[in-house]
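Whatever order the structure lists ligands and atoms in, that order sets their numbers, starting from 1.
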Amino acid sequence: MSSKIKLYNPGPINVSDETYAAMAQPMIGHRGKDFQALYADCQPLLKKYFETENPVFLSTSSAWGVMEGAIRNLVGKKVLNCCCGAFSDKWFDVSKRCGKEAEALSFEWGQPVDPAALDAKLATGEFDTVTLVHSETSTGVLSDLEAIGAVLKKYPNVCSVVDTVSSFSTVPTPVDALGIDVMLTGSQKALALPPGLALFTCSERALSRAAEQTDRGYYFDFLEFKKNHDKDMTPSTPTISLIYGLRAKLLEIESEGIQQRYERHARLNAKVHAWVEKHGYAFFAPEGYRSKALTCVANNKETDLPKLIQMLRDEHSLIIDGGYGKVKGKTFRISNMGDETDASMEIVLNALDDCLAKL
Ligand SMILES: *Cc1c(COP(=O)(O)O)cnc(C)c1O
């Protein structure tokens, strides 16, 4: 199954042969006891890593399905979308497309969400929902969830939705302790599974809020997820192969140790940071607010990124990213999430050295 091309762009990322093997199991009915056992097997470890007492729902969709679903399930009055990069900006657009009253709390790309600004906005009493992206994959910024959680706790009538698509399992995201209502992630980023599965938690408060909304639809109706969860099932036919892969991945995380996994990501991320500094590049995200899953490098040396990326691909069969959205060409991104190791990160950094020397 191994491809000649190795991905170091921040998602979808490389999937291991072990994961592909775990996924290649006979199909089962999703209303029978084999599926119920598979679903139930995943719950204890999912709850452990989300650090929640609530169920962890499995949605057959990419993350955006749940991101849009959260808007439809939770927003009755008005949503505040914290915007600081491509994914969080898009969430504001999606809120409006869902026909909701929405306002953007915008920060410059490359900056984190400012908890004091969030506090001031929520104090107006205008909002019943807030969305934010923990690790803005487009800018490499990691906002301070602890400080944000402290603000959210002051507003018990506001439901919070946090996207941890590129932070889940790279740093702790203790959803219950933080008081976050809905926390979601996707399969193809830090979990190193193929795309197609989104995972999310939902507080009692969020379920009560959902019950008040009349336009939840069906596919992403959180109450349907809860009702089916109580029978170890999903509302519609799930991506069973990916759930086999998920179970194997959870066991793998358990054997590595979640703390060790966080430490590995911190160490590999620091290795990329050292490379950035050695080459005189700058970081797009400020010190103290840098994702542990990827590095967004500012192209302050005006390197010919398209040429560098092509050379890396042609000569080393490796792929990095040349910047997302409006920072394309101004930044490049190197992922260290998923199954990467010291050795695999050295491969990409050495290859970059080689290409830069020849550029
Ligand atoms: C990749 C990504 C998404 C989008 O996920 P899809 O799987 O394309 O729906 C959302 N948020 C963040 C932070 C991401 O990195």
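- Proximity to Val133 (heavy-atom distance under 4.0 Å) selects the following atoms of ligand 1: 13 (C).
- Aromatic ring centres of Phe222 and Phe200 lie closer together than 6.0 Å.
- When Val165, Thr139, Thr164, Asp163 are ranked by how near their heavy atoms come to atom 11 (N) of ligand 1, first place goes to Asp163.
- Aromatic ring centres of Phe225 and Phe220: separated by at least 6.0 Å.
- Within the listing of ligand 1, atoms 1 (C), 2 (C), 3 (C), 14 (C), 15 (O) sit less than 4.0 angstrom from a heavy atom of Lys189.
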**Report entry** Working for side chain to side chain donor-acceptor pair (under 3.5 Å), residues Asp119 and Tyr155
**Finding:** CA-CA 9 Å; Asp119 197 355; Tyr155 303 96; 2.5 Å; yes

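- Ligand-side atoms of ligand 1 in range of Ser135: 13 (C), range being under 4.0 angstrom from any heavy atom.
- Looking at Thr137 next to ligand 1, an N or O pair under 3.5 Å apart turns up.
- Ionic pairing of Lys96 and Asp93 is not present here: no N-O contact between side-chain nitrogen and carboxylate oxygen is shorter than 4.0 angstrom.
- Taking 4.0 Å as the cut-off, Gly85 does not count as a neighbour of ligand 1 on heavy-atom distance.
- Under a 4.0 Å criterion applied to the non-hydrogen atoms of Ala63, ligand 1 contributes the atoms 5 (O), 6 (P), 7 (O), 9 (O).
- Residue Lys90 places every heavy atom at 4.0 Å or more from ligand 1.
- In summary, the aromatic rings of Tyr39 and His30 are positioned with their centroids too far apart to meet the 6.0 Å limit.
- Using a cutoff of 4.0 Å between basic side-chain nitrogens and carboxylate oxygens, Glu256 and Arg264 are scored as salt-bridged.
- Annotation for ligand 1: atoms under 4.0 Å from non-hydrogen atoms of Trp64 are 4 (C), 6 (P), 8 (O), 9 (O).
- In this structure, Gln111 CD and Ser143 OG are separated by 9.5 Å, a value rounded to the nearest 0.5 Å.
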